[in-house]
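Single-structure report; data block below.
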Amino acid sequence: MIRFVSNLTGSSMLEIAVMSTVVPLLFVLRHSICSSYQTVTPTKKNDHDNAVLGSKKLGNYMVTLTVDFLFIVLPMLLIFTVLADWVYIFAIPMMVLVFSVVAAKRFDASNYSGGSLSLRTNVSSYRVLVMIITFLCILAVDFKIFPRRYAKTETYGTSLMDLGVGSFILANALVSRQARSVSSVNWKAAVQSTSPLLLLGFARLLTTRSVDYQVHAGEYGVHWNFFFTLAAVSILTSIINIPPQYSGIFGVAILIGFQYWLSHGLNVYLLSDERGTDILSKNKEGIFSILGYWGLYLVGVQLGYYLFFGNRPATALRTIKWARVRVSFISLVFWLVTVLLDRHVERVSRRMCNLAYVTLVLAENLQVLPIFFLF
């Protein structure tokens, strides 16, 4: 079974970019075509009336849940599996349909009131998308119907699942306490807040070992996993408090220094199959990649502060239009940087979390965000 998750090289950056366009358009299409069902709040009339209103509220919730599944989850599952080879063909009519529906709804004043959803709501929708994609891919990757090019790569390359951990970290960074300029917690509180992640990490380690589930050691190491990486980044960020205005500069410095280290021999060590008996050697991929993910988190903090939470006049800078233009421009810059790094410095590698991987995560996620601003 280990061969099923080994020696994978991923897909192309173009396919990643197309997927990053099609999937969030499903959210826009669902919101544009299906009117939101208004929930009913119980009143103080009597128990009978409250029971009737409560049943209506439950009914509305179930209808909304069904619509979300049919318009979002089911199409995403099909795109990731049986329709994977049709993603390029599917993208163009999907874009035309969505933009036509959005334009028609905005033109029709009776159906479109002109009040776009708030930036906070749109960012929340983006974070939900990251969760849904992650869950679907984790569940589907063990089946042959899931294309191998979407599974995690062995050493270098780009794939859909490679973006998972980086997208999680960036999604958290954009709306983090640091990005919102909320006072940081001390190291004891930081350890306590990350204890659920540590527990999940140990639980995953024990369960995968007990059921003999195939886990490629080259992914994070022998014992390391996704939850330990999230916990380590959270603890580092809490202990080393950097103002959000300067966290991006500090993050870029970490990423450049880490990439210099990788280019001067560390990458050979991390990609080799040789492991010693010490804990560092057994988990070298997971432990050393923390530097890359920490740098990504710090860059995300400054982006979140600059785009959504900075002290700027709300009427001029925090509008949906402003956010859409700025985020799109930043995404384009990161795509260009990713191509240059991939060709002239070092190819994208999720296994090491090198600089090209970080810029790819930033480019892909910032490409997704402006599409939600079409709501």
Side-chain angles (χ1 to χ4, degrees), residues 11 14-39 59-137 139-140 146-147 150 160 163-164 167 171 174 319-321 323-325 327-328 331-332 363-375:
S11 58
L14 178 60
E15 186 170 12
I16 295 295
V18 173
M19 294 282 286
S20 302
T21 302
V22 172
V23 173
L25 286 177
L26 296 172
F27 279 74
V28 181
L29 185 64
R30 182 261 182 265
H31 181 269
S32 300
I33 293 179
C34 305
S35 58
S36 301
Y37 292 90
Q38 184 177 2
T39 57
N60 289 339
Y61 173 78
M62 294 305 298
V63 170
T64 302
L65 188 64
T66 303
V67 171
D68 287 342
F69 177 80
L70 294 177
F71 275 81
I72 298 174
V73 179
L74 182 59
M76 285 174 59
L77 183 60
L78 294 176
I79 291 172
F80 295 158
T81 53
V82 296
L83 298 179
D85 294 333
W86 296 76
V87 63
Y88 293 106
I89 301 175
F90 186 70
I92 297 177
M94 183 69 179
M95 293 175 62
V96 172
L97 174 61
V98 170
F99 288 121
S100 299
V101 171
V102 171
K105 198 165 186 179
R106 293 189 176 185
F107 181 77
D108 188 355
S110 61
N111 294 328
Y112 185 78
S113 59
S116 299
L117 297 181
S118 65
L119 284 175
R120 181 175 182 177
T121 302
N122 289 320
V123 173
S124 297
S125 298
Y126 149 73
R127 299 181 71 197
V128 169
L129 173 66
V130 172
M131 297 284 287
I132 295 176
I133 293 177
T134 302
F135 293 157
L136 289 178
C137 289
L139 292 173
F146 187 79
Y150 290 167
L160 181 63
L163 296 169
S167 298
L174 290 173
T319 63
I320 296 294
K321 183 177 180 181
R324 186 165 58 238
V325 172
V327 175
S328 299
S331 173
L332 179 60
E364 186 268 342
N365 282 267
L366 294 179
Q367 176 185 331
V368 170
L369 264 174
I371 297 177
F372 284 101
F373 299 155
L374 294 173
F375 282 6

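Fair warning: this is a prediction, and the values are worked out from it, not measured in the lab. This chain uses plain numbering: 1 for the first residue, then up along the sequence.
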Can you list everything that forms a side-chain hydrogen bond (donor to acceptor under 3.5 Å, both in side chains) with Ser331? Sequence neighbours excluded, please. none
Do Val23 and Ile133 pass the side-chain contact (heavy atoms from CB on, under 4.5 Å) test, and can you show the C-alpha distance, the side-chain angles, and the key distance before you say yes or no? CA-CA 9 Å; Val23 173; Ile133 293 177; 4.0 Å; yes
Less than 4.5 Å apart, any side-chain heavy atom of Asn365 and any of Leu174? no
Heavy atoms, side chains only, cut-off 4.5 Å: are Leu369 and Asn122 in contact? no
Any chance you could measure Leu160, atom CG, to Ser11, atom OG, to the nearest 0.5 Å? 7.5 Å
Only distances under 3.5 Å count here; give the side-chain donor-acceptor pairs of residues 91-99 to other protein atoms, sequence neighbours excluded, each with its distance to 0.1 Å.
none

For Leu26 against Phe71, the heavy-atom pair lying closest together: CB-O, 3.8 Å
Taking C-beta and beyond as the side chain, do Phe372 and Pro24 meet within less than 4.5 Å on heavy atoms? yes
So the side chain to side chain donor-acceptor pair (under 3.5 Å) pairs with at least one residue in residues 69-96 (sequence neighbours excluded) are Asp85-Arg149
Do any pairs count as a side chain to side chain donor-acceptor pair (under 3.5 Å) and have a residue in residues 66-76, sequence neighbours left out, and if so which ones? Arg30-Asp68
Side chain to side chain contact (heavy atoms under 4.5 Å, CB included) involving Thr134 - partner list, sequence neighbours excluded: Val130, Ile138, Phe168
Side chains of Ser20 and Glu364: donor-acceptor distance under 3.5 Å anywhere? yes
CE/Met19 to CZ/Phe90 distance, rounded to the nearest 0.5 angstrom? 11.0 Å
Got a second to check how far Leu83's CG is from Leu77's CG, nearest 0.5 Å? 9.5 Å
Nearest 0.5 angstrom please: Leu25 CG to Ile371 CD1, how far? 5.0 Å
Working to the nearest 0.5 Å, report the span between CD1 of Ile72 and CG of Leu129. 9.0 Å
Contacts of Val325 that satisfy side chain to side chain contact (heavy atoms under 4.5 Å, CB included) - sequence neighbours left out: none
Just verifying a value: how many Å separate Phe373 CZ and Thr121 OG1, rounded to the nearest 0.5 Å? 11.0 Å
Proximity of Phe80 and Phe146 rings by center, below 6.0 Å: no
